[in-house]
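Working notes for the structure below.
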Amino acid sequence: MTESRVWSNAVLPTLGVIIAVTLWWLATAVFHIDPFYVPSPADVVETFFRTPGFLLQESWITIQRVLIGFAVAVTLGLVIAVVLGSSRTIERMALPVLAAVNAIPKVALAPLLLVWMGFGDSPKIVMVILVSFFPVIVSTMAGLTSTPADLHELARSLKASWWQTFVKVRLTWALPQVFVGLKVATPLAIIGAVIGEVVNPDHGLGSVIAGSSANSDTALAFVALVLLAVIGVVMFYLVAGLERLLVPWAKAISS
Amino acid sequence: MTESRVWSNAVLPTLGVIIAVTLWWLATAVFHIDPFYVPSPADVVETFFRTPGFLLQESWITIQRVLIGFAVAVTLGLVIAVVLGSSRTIERMALPVLAAVNAIPKVALAPLLLVWMGFGDSPKIVMVILVSFFPVIVSTMAGLTSTPADLHELARSLKASWWQTFVKVRLTWALPQVFVGLKVATPLAIIGAVIGEVVNPDHGLGSVIAGSSANSDTALAFVALVLLAVIGVVMFYLVAGLERLLVPWAKAISS
Amino acid sequence: SSSDDDKGTTGSAGGSGDLKKVTYVTAFGAVGRDAFAWVAKEKGFFKDAGIDVDIQKGAGNVQNLTLIKSGQAQFAALDFTGAEIQAGTGKFTNWRAVAAIHQQTLVSIMTTADTGITKPTDLAGKTVATATGSVSELLFPAYAKLAGLDPKTVKLTGAQSTALNGLMAQRKVDGLSTFLLSKKALETVSKKDVVVMPYSEFLSDLFGNAIIANENLISSDKDLVKKFTDAAMKGLQYSLDHPEEAAAILHKAEPTAAEPAAIGEINAMKPYVSSPNGAPLGHLDQERVARSIAILQGNGLMPAGLTPEKVVDFSFIPAS
Amino acid sequence: MITIDAVSQTFKGRSGPVEAIRDISLTIGEGEFVTVIGRSGCGKSTLLRMIAGLLKPTAGSVTVAGSPVREPRRDVAMVFQRPALLPWRSVEDNVMLPVEIFGWRKSEYRPRAEHLLEMTGLSGFRKRLPHELSGGMQQRVSLCRALIQSPKVMLMDEPFSALDALTREELAVELQRIHMDLGTTIVFVTHSIQEAVLLADRVAVLSSRPGHLRRVVEIPIPRPRTFGHNAHMEQVAGISAELHTLLLSDDHLQASPQT
Amino acid sequence: MITIDAVSQTFKGRSGPVEAIRDISLTIGEGEFVTVIGRSGCGKSTLLRMIAGLLKPTAGSVTVAGSPVREPRRDVAMVFQRPALLPWRSVEDNVMLPVEIFGWRKSEYRPRAEHLLEMTGLSGFRKRLPHELSGGMQQRVSLCRALIQSPKVMLMDEPFSALDALTREELAVELQRIHMDLGTTIVFVTHSIQEAVLLADRVAVLSSRPGHLRRVVEIPIPRPRTFGHNAHMEQVAGISAELHTLLLSDDHLQASPQT
Ligand SMILES: Nc1ncnc2c1ncn2[C@@H]1O[C@H](COP(=O)(O)OP(=O)(O)OP(=O)(O)O)[C@@H](O)[C@H]1O
Ligand SMILES: Nc1ncnc2c1ncn2[C@@H]1O[C@H](COP(=O)(O)OP(=O)(O)OP(=O)(O)O)[C@@H](O)[C@H]1O
Ligand SMILES: [Mg+2]
Ligand SMILES: [Mg+2]
């Protein structure tokens, strides 16, 4: 039992990562890819260990921005989804505007943010929010409108207030779908932070990428990308873990 | 009946857009925002009508790239989700890799794509795919694992093959959630095309943005952004319309 | 020079607690050509001048001009020719150059030896990649005409600047139009000899990078601008004199900046920094500025009407 | 207590309308126990949902305790045909749901919830989630959830359908006790004629779709009644036979959803 | 046909194990009709799911037609306690699902589907979606879905629980006819003792949780039997009383999920 859980929760993922890294290695070796374009895993590791402290510090800055922005985006996304879900009129009016805003490439707005908010953390955090709130809205809305008719009727028959129905029935039922939104939003949040940091490379992995590409130091850029990937995986699994914790029943009633 | 449908499907969304544009207008007027930073809607409309033919043509190029890339991304996303959904082992191994790949900012890969694939449509289409396939995977997987236990048991009791269970039960049940993924992926696909076009501005709205920002022609850039937003809204509602067509039952069994 | 006096006055007046805070934006990221700012900071030149400088990494002319315009930054380095065009077309007018970093434009055509291209006329019928909307792209027709090449015979392809070297190395294009300081990087990537054809051969009146300041700041605190410019120039001189130390300082402040590359760049830009007529560092010759404007206007890059005073505040220019 | 006045209900389905209920009028006094029988699909659940205020009649009106029903009331509890349990709540928490929603003091009602669970034989399953229960156990949880409300009116839609004969009898005894102790007005849909007779003051017999009131039969057996296999043998047999014929006199199972 | 050999089932629940079935052995001959009764939660559905191959016994084994059951078989059809209809398929398409899955010719089976729907009084609802049906109607659709398979073995988990007395009787007649015509082996879980007696060759009585086989009672009423309210009055009454006592002799509804 526990052995098979270790197997599937630790060994298999690790194996997957190892296979992926090996493939990368083989690709660079077999096709003789110039390390300028794609450095080999060894180059990347070596480059990392040239300045591990610096890189981890920059990672930490990016992580903080991502976390703050993500938290705001999720809160905002949930609130907007709830507001849209509470009134069909508002939904009909606001959804096209949201879809429009979301289709605008945020990179194009980065200079504006810089002008308005200057340097520092805020424009990056705002970028994280802009990039990652929409999936939360869409998936939460889908979740909120998927309450089974009989549970909804139960709430009505108890004359539960809108808020009670929302908290005790609709939101809980929507949680598995909310988590889909969160899982999609996590990597977007990371990308948002990087966009903000590339536009104004003060700190963080985005500024490492900007700096290394200005120096055509591809290996360093790849180190930053790998660190971002690691952050992405960790955050993804944190979200997935939270889901397990909060929605254990969902697995039980489905197959 | 039909009147209220016109109301909620046409009048309200239009109203929402009008309100949003009015707010934009008011903001530029009341805060005396320099049109260099944010041009007013009037400026944008005027700029559009200076070269409507050219802009529509570039839009069409972007739309084509988005559509092709999106179609591939959706197909790919569905296939990957199905493969991951069919084997727990594969899922456990591949998911972290996918999450990692997805957290890598695609903008950083754009130069690589350019070097590998040269100019033309392919690197842009590939960018569309890279940016938009992940939401489809995550949401489809969530949908596929949400089949109610009794429907799954029914399929088992009929000794339906894996494929039959998949097509006749799991996939159909997952459709509402697949559409969440599609709705999230649509705007990402558009953004992907723009990223590709900014990196190698040959044609398309991305190249309009790249050109206009080099010329600091903010009004033109905003025209391109507005056109992208329009494309985004239209695609979003096309997807939503398709959902209505394919999953009418979902609304009926929920509230 | 006069900076010694300044150091005395401000130093005694306020001490470190009273430093004036300003933001300076580099031309592009943190590379050798911009190292002097960090050197000036590290060596205490700014502090001695009573200024606390926040150095931000720039991302090209438009963004830097925007930051100056919006007041987010007080000083910036940028490509002066590009900035002139922006001013001439009326886009950004609230800035003045206060010192030149490069007396000659750094824009050039670069290609690898295996293409067989050795002179501008060889480019006929070839494809050249350049950053979209960059000065390189804008100046190309003027350069080509002067070099005896019909610009229409060359196919210019836009690409993100970070992709240029790769495109050349893979021979997706036959040449690049970009800053000549990236020669070393191209050599590394392509592992071939690199042929450089600087625009300055034919467009000798164009400047390279310059330091600009916000117009309002110039009128409100002339003294600050002066002190800043002087300190920056001190940093520039120091960098030229001690490329290794400058590169080390840069690397320490911005670990992504590779030291060898920075040293190479500082050495490579040396010839372009000193004034042709022996004027001090940073000099902006009014006549050359006027001629450069005339070239830009003559090539249809901007309408008539721009005068040197609108882009340079000559009161700061170290006299020749 | 409940006045059903010329109520009709027609559903607008995808493929044409379905007339479910046609012109039913019935008055149920305070504290009365009325059972409703009728063939499957005749509109019993629909009728109950209209009384509960969950569904607006397409014609006619329903009055409960003097005021017309426009929305659900908190003194009316409903036991649905399907258990409708919240899958993430334990058995106990599902039962406590109305208490939470009504804003009652939880600590006060927890002993009552425990008592109800014990009465329905579920006390060992207090902490289990619904999917760990058998069908009949889920139904009992939903019953407890209605009983904890101590409502004035209880609408019960086949509440014992998934229970075995003995549990049915035990719960019927309890239900009668509650009915008599608290004076609850009960409308009880069942498919068991015997159950209908043993529980009710009056049995309402609906015809097949569209359901209309075929007859209301008084049950003159004095209370408290005994339940169980052989309870009130003769009387029950007689009335059962009558009800049976009543149901039978209806056409055979109907084939068309339209009128 | 079916051999149940010392089968036990213990569920590993979140909060401790639940012993549902303990050591049941039973052999059911080909063409035999066995009904299973027992108190709610005693493990009847669990037993059926083990015979169907949907659930592996934690101990013991089940054999159908000579081969040990490890997975579901196509000649064994199951009617679930809950209808389990696909919400996006019309009534007709839900009934045709097994035909599609078995790869049978649809055109050949469509008349049969129509016949079954008519028999269960649903022909007017062919094109409707499940959510437009009443509870009993849904149950009948799921019954049709099992019958269209013409299986050798039919496992039926309270298939008539949501049906009114008359429909039950009508369908009981049909079921007996099918049983006799096709020689189908049927295991039928019910809560109605009378139904258990009237339908079965033998009635298996399970004890309360953990369910074990208390007794198997032979029903000596000759076939074809008549169904209905007063069918085989005396015999049914006698055996019913016996079964009633058997069930009653069990402890009162149990309180703990553990052994
Ligand atoms: N998935 C499960 N996890 C834990 N316990 C379960 C699970 N399924 C069933 N049980 C337990 O097994 C026992 C028997 O359940 P089963 O559904 O077989 O009862 P049943 O005889 O069909 O009852 P009913 O007549 O109410 O349908 C119950 O106590 C139930 O709580
Ligand atoms: N949402 C709906 N849309 C369309 N028709 C409906 C809907 N709900 C119920 N009906 C129809 O109304 C009729 C009555 O349904 P109802 O559920 O009230 O029957 P019932 O008497 O409770 O049956 P059962 O005993 O089977 O539960 C049925 O013919 C059903 O098809
Ligand atoms: Mg009903
Ligand atoms: Mg059961």
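These values consider heavy atoms only, across backbone and side chains, with no hydrogens, waters or symmetry-generated copies. First the proteins, then the strands, lettered A, B, ... as listed; each starts at 1.
- In this structure, the side chains of P105(B) and L228(A) come closer than 4.5 Å at one or more pairs of heavy atoms.
- Within the model, atoms OG1 of T14(B) and CZ of R92(A) stand 12.0 Å from one another, a figure rounded to the nearest 0.5 Å.
- Distance check, rounded to the nearest 0.5 Å: CG of L98(B) to CZ of F236(A) gives 8.5 Å.
- When the candidates G232(B), A99(B), A224(B) are compared by the number of heavy-atom contacts under 4.5 Å with chain A, A99(B) comes out ahead.
- Interface remark: L225(A) contributes backbone and side-chain atoms alike to the contact with chain B (heavy atom separation under 4.5 Å).
- Residue P176(B) does not touch chain A at all, counting heavy-atom pairs closer than 4.5 Å.
- One finds the NZ atom of K183(B) at 13.0 Å from the CG atom of N102(A) (value rounded to the nearest 0.5 Å).
- Interface residue I19(B): only side-chain heavy atoms are found under 4.5 Å from chain A.
- Interface remark: F179(A) contributes no atoms to any contact with chain B (heavy atom separation under 4.5 Å).
- The two residues P187(B) and A103(A) come nearest to each other via the heavy atoms CB-CA, 3.9 Å.
- Within the 4.5 Å cutoff, no side-chain heavy atoms of V194(B) are placed close to those of V107(A).
- With chain B as partner, the option from R170(A), R88(A), H152(A), M235(A) having the largest number of non-hydrogen pairs under 4.5 angstrom is H152(A).
- The minimum heavy-atom distance between V180(A) and A142(B), with the atom names listed, is CG2-CB, 3.2 Å.
- Neither the backbone nor the side chain of L227(A) comes within contact range of chain B; no heavy atoms are under 4.5 Å apart.
- Contact count against chain B (heavy-atom pairs under 4.5 Å) is highest for T145(A) among L109(A), T145(A), V101(A).
- Closest approach of Y37(B) and L112(A) over heavy atoms only: O-CD2, 3.4 Å.
- V226(B) has its side chain out of reach of I104(A): every pair of non-hydrogen atoms, C-beta onward, lies at least 4.5 Å apart.
- T147(B) places no side-chain N or O within 3.5 Å of a backbone atom of S254(A) that could act as its donor or acceptor partner.
- Rounding to the nearest 0.5 angstrom, the gap separating the CG atom in L15(B) from the CE atom in M93(A) is 4.5 Å.
- L188(A) has its side chain within reach of L188(B): a pair of non-hydrogen atoms, C-beta onward, lies under 4.5 Å apart.
- There is no contact between I18(A) and chain B, counting heavy-atom distances below 4.5 Å.
- Neither the backbone nor the side chain of A94(B) comes within contact range of chain A, judged by heavy atoms closer than 4.5 Å.
- For A108(B), the part sitting under 4.5 Å from any heavy atom of chain A is the side chain, from C-beta outward, and nothing else.
- For the options I195(B), V17(B), V184(B), V11(B), heavy-atom pairs under 4.5 Å to chain A are most numerous at V184(B).
- For a residue to count as touching a neighbouring chain, one of its non-hydrogen atoms must lie under 4.5 Å from one of that chain's; by this rule W173(A) does not touch chain B.
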